[in-house]
Each structure stands twice: as structure tokens, then as C-alpha cells.
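Each remark here refers to the structure printed beneath this line.
In each ligand, atom 1 is the first atom listed, and ligand 1 is the first ligand listed.
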Amino acid sequence: MTSRRMVAVGGTLVCLGLPVLGSQTPAQKPDYPFQPVPFTSIHLNDVFWAPRIETNRTTTIPVAFQQCERTQRVYHFERAAQALRGEPLEDTKPPGYPFDDTDLYKVIEGASYTLSVHPDPKLDAYVDGLIAKIAAAQEPDGYLYTTRTINPANPHRWAGAQRWVLERDDSHELYNIGHLIEAAVAHHLATGKKSLLDVATKAADLLVRTFGPGKRSTWPGHQITEMALVRLYRVTGNQEYLNLAEFLLDERGPGPDPAKPIEFPGGERANPRGLEYNQAQTKIIEQSEPVGHAVRAMYMYAGMADVAALKGDEDIRQAGLRIWEHLVTSKMYITGGIGAAGGHEGFGPPYELPNMQAYNETCASIGMDYWNHRLFLLEGDAKYIDVMERTLYNGLISGVSLDGKTFFYPNPLESNGQHARAEWFGVACCPGNITRFMASVPGYVYAKRGDALYVNLFAGGTADIELEGGRLKMVQDTRYPWDGIVKMTVTPARARSFPIHVRIPGWARNEPIPSDLYRFMDKDDSAATIKVNAQDVPMTLEKGYVVIERAWKPGDTIELTLPMPVRRVLSHPSVEANRDRVALQRGPIVYAAEWPDNLNGKVRNIVVPDGNTLMSEFRKDLLKGVQIVKGRAFGLAYDEKGAVRKAEQEFVAIPYATWANRGRGQMAVWLARNDAAARPTPFPTLATTSTVTSSFSRKNIRNITDGEEPASSADSSAYFDWWPTRGCKPGEAPGAPAGASQRPSCSQGEWVEMAFAKPAQIAGTEVYWFDDTGRGGVRVPATWRLLYKDGDEWKPVEGVETYGVARNGWNKVTFEPVTTSALRIELTMQPGMSAGLQEWRVK
Ligand SMILES: [Zn+2]
């Protein structure tokens, strides 16, 4: 552990100016070379962020607190406190999930941020009341985990029989304490109170006593404790917290013998999903590729950046930079979202970026910005801000509705109407995370190093900044991101010389992201310009910044002009889902075509030819004021004979982040460039006009009657499956609900039904099965049969020769004609495999 640390003092770090011990005065501790200007010093009054931050304060935070109360997340603390006082509990049922405690912590963190810039005695008192309940639920030695304290003999089944034994699985004990610390530090900095900080340090001290060299080993199954301990170290100065953060990172990995499964002291179970899920497939310093659960990954990489900076650890730094290169080269969506695969809420293989199935958890986007911001603070390179900005304006804030009341967990890039934001979730990580992130957005605008100022983001407002050489007031006057003109007024307390680094975004330099994953279709010749007191400044870039070093006097102006034509973005050819498709971007904003703005409520049938001119205009009454993109396009539709008809039409695209604020319907970010890539609107049929339901109500069942011809059984664009439920193996009994899906782990039968608007005579049906052999665990079913509704009864149809289970084609069934109001498929899945349908049609 200590030997590799020495490497850091060698070459690279010093060259980069990363402070390490021994290279500076003893009073200074190593830290990030670049420091953010805290959000408390910045007041935004702009068109974009200020209203969103205010909505977060006045709506989202109160709504999230109400949901925490309604869903008993506060009650769990009350019951744990009762148990600690020795009072008998009427209700000893464990919380729904062992990590439910963290939702309250996150909203307290968000509320604290708002309190630090917007005093609110009522909110302050409410938070004090919650903190008293949290403190009362803490065990005498500092342990805080309501599911065990409520009923130590029977906690949530993921908690394990004793403390920590399932930490590397799913107990989330360290995750809970991590979020507690994050909230406590925020609350302390906002209010000066120590009430929650005392609870957090007591819990952290327990961790320090329990884990470390010569003590117990573990690593957090869900990361965040690492970055949280670093924050706690910053406010307390207690080096043991930083050392523990480093220990928890160093310990992660498969153990001395990778062939051997991890042994848990309680012997309960080894990690069921494999070590990649928790980024423990190797030691962290050997990692090069983002894998596994995306939120866990982001929090870990952010923690790695912290420890690399504060310990001057070159190996950890290099690992983080390698992983980042891999991510931006092959695993990031144009919206900045990450974590393509829903099955494990995480990363898929390189370039596998499906649009409709994109998972892109809101929390992963938030983690993405925590991490990219930290990499900037470590490296001083604007490319990390480029990535941060892309996620921030697109795939992150899409997680909350414009009214601040509903939330996305996944953030797909295409919809057939199956997606809608929800008021809350069983696993409610995302809303709380939104509350804490939105409140702190101004903290990402500026950074500093010594006497140098870095202007990273553009947003109207004022900032009071303390540089090494003196105070400075910065004013930004801009309608960014709707307009690319940014006027800055520089007012140092006294005239003096210092450098200001102004970021020229990658998108203004013909580089949508710092890799070849996405590129602009055509080069834009209208280059960015920058002027100081109306005099041109040469566009010489250093790590993405124009450096203006001069004697600044109060009232000096910088005028940055970033031309914002509508740009067409193309994807790397390896991204199959985006082949022959184009995305639209203007400034930092990625666009989506959505149903209310387009003909017949359809967008998946639209073709935008490469040559067509695209325009942009501001619509003050649309979606609280947005810049739209519009142009001429073609709409494709099948006629009743099955021929494709093509007609010219207007099309409109809105900022992706603002979709799903006007009800359910089609949406697409990647639009067809030619007819072959478009999905012609199906001619209405009995199936497409029916109501379809299934035994798995939460899945996208409407996909199977969208009238679209699947490309193959493995086509991932619009299918339905029963995953993660699989067919029971011999002797296996249908299990209890598994995980967040609330579905049994195995089942002996599933069904899907099609109800018609009015009874119809039917004599045949065709089924196209979903099967992702080679990629996932879904196969054609073992057996199936068709039933029809006769009054209130389901009866099997008669005269069927075979029920086909062929892949990559239609399985046609004919039967004696019936007049019925509904059809039903009943199926059994193959043992150990799930099943699903691409499409179902009737004759
Ligand atoms: Zn989440």
C-alpha cells in the first residue's frame, strides 16, 4: 500500500503541479490544485438555472420531505429510537429497503444547501426536528441503520445476521453512513450547527474503530462512504477519516485469490451478481474500464479523485483517467447519460447504447458530474467541464419535471409513450439526489488556483471571489444556454494583474465530446470570439481555456461570443442504434422531437434529410420558455396495403431535458436521416388499437402492439419481457419478490392479454418472440397457448396445429374462428430463462 504511493512524488504529479507533501510549506496539506468557488458566494439570476433552483427550493424539497414522511422513512427512525429506549414496538417490520434511511439524509442535504443561501426559519426548525429523530435512532457506539435497530433479530433480509457481514453484498450499512455524513457536513456548513455533524462523526468514529489495517477489512457494496469521509476530513481535520477512505478504496477487489469467492464472516452468501457489479473485479488501481452498477461506479471514481488529490496518489489518479477515457470513448450517451443497461442498472459493453432501452439513471448523471468536476479540480482541463456541462444541461435535469414534482429514474433517449415521470419510487434514490444537486449548481460555475480565476460555466449572476491576491466581483450577463453572448464585468477590489481563464466549450470548437464517439456532421466556420474592453483577444487555447492575463481594473469587461447554429451530430459507426440517424444540438443543449409538437403525435416516423435547413427560435410560452429547433422533414406511414407513403411536413424539436412534461407519447433524440432508418407509422389494426396488459405490469407492454416489424428476435428497440423473473428449475418453488422489480425470481406461468375496443371475429394470430441469446437471459418460451374471452371466462382456442417458438420470425397460429372481446397468451418459460415478446398481431 505504501510502496506505490512513492511513485506519486516522482515525475508526473510535480510536472502537473499537483501538490504533494514535501514540495510545499509544511502548513499546507495536499489537496486539489484547483478549488471551486463555493456556491454560497454566487448568486444566479439567469433565465435557466435561477428558476430551476427556486423550483427545487419551493417545490421539490417540500415534496420530497412529504414523500419521506408518507412512505414511513421518518417513522423508521422513530421506531429505531423507541427500540433503543427499550419501548415495546407494535410494528417491527423492517423498512422496505435497508437504504431507505438515505433518502431522508439526501433531502436534508438539499435543504441545507438552500438554507445557506436562503434563510428559512420554518425549514430550519423542521430539519432540526428530523435531526433529533435521527440522533435518537443512533446506537450508543455510533451505529446508525434503522433496519437492524428496529428489530435486530429480524432486520431486512439484505442486512445480514450481524453488522457488516453483508456489506459487500447489499446491506448498504456504509452507504447509509456515507449519505449521513454528506448531509451532516452540508448542514453544518449551512447553519453552523453541530447537531447532525456530531451524529455523523460518532458514526464515522465507529467505522474508524472497526475497519482499517490490522482491524476488520471490507469495502462498501454501494460506494459513497469514500467521498463522504473525505468531506468529513475537510471539516474536522481528522486525518483518520481520510485514511479510512483510502483504506476502503484499497481493499476493494477480489481478494488474494481471485478464483476463490469472497468469504463472508457470517457465511451468508457471496456477491450474487459478480464482482464487476460493485467495481471489485480487480484492485482499483488496475482498473481501466467503467463496469457494473453506474451510480456505484461514479461515486467510487469521485472518491478515487478525492484520495488521489489529498494523498497525492499517482496510481489512483492514473486509474481514474484511464476509466474516464474509456467511458467518453464508448459508453456515454449524447445526453451525457451513462449506464445503458437496466438489468444491473449499469454499463453495457462498449458502443452498446440503445435509445429506448437506455437506463441512464438520474443518480448516475449526478455522479457523473461529481466525478467530472473533481477531475477538473485535479487536472485543470476544460474537457472534464465539457463532459460535465453536457450531462448537466441534458441527461441530469431531465430527471425532474419542470414543475419540480415528478421524477425520472431511467432517462431514455426514445419513447413510444411508455415512459412518464413518477411522483416517487419504491427505490427513491433519484428524487433526493436531485434536491441536493440542484441546490448546489452555482458551485460549478467558477474555480480558482492561486491568483487565477477559471470561468467554467456561463450563467447570469454575480459572484464574490477570493483570489490569492485579493477580492474580486464577477458579473455575468447572458441568456445562455439560449444565446451564446456572455458579457462579464470584472471588478477587483483594487486594480491589479492576474489571469482569467475563460472556457471555450468543446461544442464551440467542433468537438461535441473529447473523443470520436460523437462528431458534428459539418464543420462550423463561425468561430468563437473574445474581447476585453471591446478589443479582440487572440483565441489561443490552453487546456480548453483562453487565458487573459492583464492588469484588471474595476469595470473591465470580457465579451465572449459563442456562435450557436443548430448542429447535426453523428455517432461513431459502432453504435448500432444510431446508424443512419442524426441528433441535433445547439450550444450545450441536445434536442428531442416530441409528440405534441409534431404531426399526428408521431416522431419515430420522421426523416430529417441531411441537406434540409434547420432553424431555431425562442418560444416564451412553451415549456417555461425554451429555444426550439424547427425545419422541414418527411413523415412516413404505411397505407392499408402495406406500402410506405411519404409526405413533407414541419418538424419541431425541444430541449431533451424538457420532454415528458406534456403527457405520454413518442419522443426521439436520434432522428432518421433516410427512409430506411425511420419507423413508418403503422396502419391502425385490431392489435395496435387494442389495450394490452400483462402479468408484469411495470414493463413496457405497449411495445408489443406498436405495429412495428422487429428486425430480429434480439432487436432491442421496442420489446417486452418478464426479466428478471425466469422459469423455475426442477424442484425450485416460485420465489418471493426479488429486488426492486417486486417480481418473483422464478415463475411457472405468465400471461399477456389484448382487449379490443369492440368484439371482433378472429381466426389467427402471429407472435414474434423476444430472445437475447448471447447478450441476456431471455429466450423463446418453453410452451404457450392462446385463450379467448367468452363472457367472463377464458377458453382455449380450438383447432391449433402447433404453437411455434421459432426465433427471428413470426409464429403463425390459425384456429377455429371466435368472436371475442379479448385474447390471452399463457406461457411457461424455459427453466432458468426469462421470456418476452417483440410483437403480437391478430387476424
Ligand atoms: Zn437513483
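- Salt bridge annotation for Arg57-Glu54: present, with a cationic side-chain nitrogen under 4.0 angstrom from a carboxylate oxygen.
- The ring-ring contact (aromatic ring centres under 6.0 Å, His included) check on Phe720 picks up Trp722, with sequence neighbours excluded.
- Classification of the Trp659-His419 ring pair by plane angle, with boundaries at 30° and 60°, yields perpendicular.
- For the side-chain contact (heavy atoms from CB on, under 4.5 Å) test, residues two or more places apart in sequence or in another chain that qualify with Val117 are Phe39, Thr40.
- Ion pairing between Arg73 and Glu78 fails under the 4.0 Å rule for side-chain N and carboxylate O.
- The salt bridge (Lys or Arg N to Asp or Glu O under 4.0 Å) analysis of residues 288-307, with sequence neighbours excluded, yields the pairs Asp170-Arg296, Glu289-Lys331, Asp306-Arg374.
- For the Zn ion (ligand 1), protein N, O or S atoms under 2.8 Å: 4 in total.
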